[in-house]
Novice: 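Below you'll find the structure I mean.
Bear in mind the structure is a predicted one, so any value in this text is a computation, not a measurement. Order of appearance sets the numbers: ligands from 1, and atoms from 1 within every ligand.
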Amino acid sequence: MLNYYKTINIQTVAGQSADTSILVIYTGGTIGMDYDRQTKTLVPFNFTKILEKVPELTRFDFELTVLSLRNPLDSANFTSENWVNIARMIYDFYSDYDAFVILHGTDTMAYSASAVSYLLQNIGKPVIFTGSQLPIGMTRTDARENFISALEIAASKTNGKASVPEVCIFFDNLLLRGNRARKVQSVNFTAFESENYPPLAVAGVTIDFNENYIMPHSTDPFYFYNKVENNVLILKIFPSIQPNYLENILGMEGLKGVVLETYGAGTAPTSPFFIKSLENAIQKGVIIYNVSQCNGGRVVQSIYETSHKLAEIGVISGNDITPEAAITKLMFLLANESDQNVIRQKLKSPICGEMSIPLEK
Ligand code: ASP
């Protein structure tokens, strides 16, 4: 375990007397980069020097420890193993800290936050993912604001308990449920949205929590799952999709699950070859999970003939889940549940706030 990181202790004004302690886990991404004048490229900067970039960190009235992965990653290089490692670190340090802030690349942050939300069930403490569009070493960086606000939110308490006891993404001015968020911008600072679920908090002059939408403290035991299934894929349909493409992709050796990205409210072609390819895969035991290509709204497989057919052959409706939360949910359930009926049932309903209660059975 210790191979994964080095520790940086930040001396805050709170000293040893603080009643709140936060663990920051730096995994990589733009947030930890600096501009190298010689090579004229962005390169990871030595995170032990974080105080030079964000001297404000010493002014917090809570204890702060930063763990840095030995080899920080561009999040484009993340695999499911990295998700398990982050979850394991939080699990290992769970009783030592009151909250966790994960510094992460923005590109796959929504996948990681979703995966960690499934791997750490009934978490009673805040886990706030954040990152930035500009490196922390640049003058106009959004990293400082994002990092500082994420720390404040992580430390926040309501009636003596963590204000947000769940896995979230904080970015720009929004705190979003991690498994509801999507990266929607590659240029502007407003990089994340959660079209189907209201923000859990909005940070302006004050940080206003949207208490009605925050996960209540769970009374069930905290549990860490360490398995994820990788034999899955996302299949985005498009007009004129070809039979040989479908057959090849759905006929892949070892395939266990597919997130099918359909149109609008969950529609897809009714051509016999299309339905037959999906049906064959389902009969071989592949689970197919229907999510929409639209950012907002939901899949309802009973509205159109073009979606009803999918329901008939056993495609499962993902309702208003995001593709990121859907693929990670499939990977989580396929690895941790052995009974296909249980997996199918759990895909239809929320397990940790990742989708709304379904309208259809
Ligand atoms: N490619 C970077 C990453 O996801 C982008 C970022 O952090 O904004 O690691």
Side-chain angles (χ1 to χ4, degrees), residues 4-6 24-36 39-50 53-54 57 66-87 89-90 100-117 127-151 153-154 167-194 203 228 230 234 295 322-325 327-328 331:
Y4 292 123
Y5 52 75
K6 46 195 169 193
V24 175
I25 302 175
Y26 166 63
T27 69
T30 301
I31 192 163
M33 296 197 175
D34 209 350
Y35 185 68
D36 182 49
T39 60
K40 296 196 172 65
T41 56
L42 291 175
V43 292
F45 96 101
N46 178 353
F47 216 76
T48 53
K49 303 262 165 43
I50 181 66
K53 308 284 180 200
V54 196
L57 292 180
V66 179
L67 296 183
S68 172
L69 292 194
R70 279 201 203 284
N71 299 308
L73 290 177
D74 185 306
S75 76
N77 280 324
F78 258 59
T79 65
S80 57
E81 205 184 324
N82 299 109
W83 304 336
V84 173
N85 286 342
I86 293 176
M89 278 172 143
I90 296 170
F100 302 85
V101 170
I102 317 296
L103 301 178
H104 193 291
T106 57
D107 289 344
T108 66
M109 192 187 290
Y111 292 90
S112 295
S114 299
V116 169
S117 76
V127 175
I128 318 287
F129 280 75
T130 195
S132 65
Q133 295 283 60
L134 281 177
I136 205 156
M138 289 181 84
T139 323
R140 284 183 58 246
T141 187
D142 52 335
R144 225 170 285 123
E145 300 298 325
N146 287 348
F147 188 18
I148 288 171
S149 297
L151 286 167
I153 289 168
V167 179
C168 310
I169 289 180
F170 178 79
F171 216 88
D172 194 38
N173 67 335
L174 298 178
L175 181 73
L176 306 171
R177 176 165 293 164
N179 54 32
R180 291 292 196 140
R182 304 199 77 188
K183 183 173 178 182
V184 293
Q185 256 295 334
S186 61
V187 176
N188 294 346
F189 289 154
T190 51
F192 285 85
E193 261 178 21
S194 137
V228 179
N230 288 321
I234 298 180
N295 259 347
T322 64
E324 293 85 345
I327 191 74
T328 48
M331 293 166 85

Novice: What's the separation between atom CD1 in I169 and atom OG1 in T130, rounded to the nearest 0.5 Å?
Specialist: 8.5 Å
Novice: So do F47 and L103 actually touch side chain to side chain, heavy atoms under 4.5 Å?
Specialist: yes
Novice: Would you check the N or O atoms of T108, main chain and side chain alike, for any that come under 3.5 Å of an N or O of ligand 1?
Specialist: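 So ligand 1 has no N or O lying under 3.5 Å from an N or O of T108.
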Novice: Please determine if D107 has a nitrogen or oxygen closer than 3.5 Å to a nitrogen or oxygen of ligand 1.
Specialist: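 Yes, there is a polar N/O contact under 3.5 Å.
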Novice: Answer whether the closest heavy-atom distance between the side chains of I128 and L175 falls below 4.5 Å.
Specialist: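 Yes, at least one pair of side-chain atoms sits under 4.5 Å.
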Novice: May I ask whether S132 places a heavy atom under 4.0 Å from ligand 1?
Specialist: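 Within the 4.0 Å threshold, so yes.
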Novice: Does a salt bridge link E193 with R182, judged by any charged N lying under 4.0 Å from a carboxylate O?
Specialist: no
Novice: Check the pair D36, T41 against side-chain hydrogen bond (donor to acceptor under 3.5 Å, both in side chains), reporting the backbone distance first and the verdict last.
Specialist: CA-CA 6 Å; D36 182 49; T41 56; 5.0 Å; no
Novice: Do the ring planes of F78 and H104 sit parallel (below 30°), tilted (30 to 60°) or perpendicular (above 60°)?
Specialist: tilted
Novice: When you compare the side chain of W83 with that of T328, does any pair of heavy atoms fall below 4.5 Å?
Specialist: yes
Novice: Among protein heavy atoms, which sits nearest to atom 8 (O) of ligand 1, and what does the distance come to when rounded to 0.1 Å?
Specialist: T106 OG1, 2.5 Å
Novice: Number the atoms of ligand 1 from 1 as they appear, then name those within less than 4.0 Å of a heavy atom of G29, with their elements.
Specialist: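 Those atoms are 7 (O), 9 (O).
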Novice: For atom 6 (C) of ligand 1, find the nearest protein heavy atom and state the residue, atom name and distance (0.1 Å precision).
Specialist: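 Result for atom 6 (C) of ligand 1: T30 OG1, 2.8 Å.
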Novice: Starting from atom 4 (O) of ligand 1, locate the nearest protein heavy atom and write down its residue, its atom name and how far away it is, to 0.1 Å.
Specialist: S75 OG, 2.6 Å
Novice: Does K183, backbone or side chain, put an N or O under 3.5 Å from an N or O of ligand 1?
Specialist: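 There is no such contact.
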Novice: Only heavy atoms of D74, strictly under 4.0 Å: list the atoms of ligand 1 that pass.
Specialist: 1 (N), 2 (C), 3 (C), 4 (O), 9 (O)
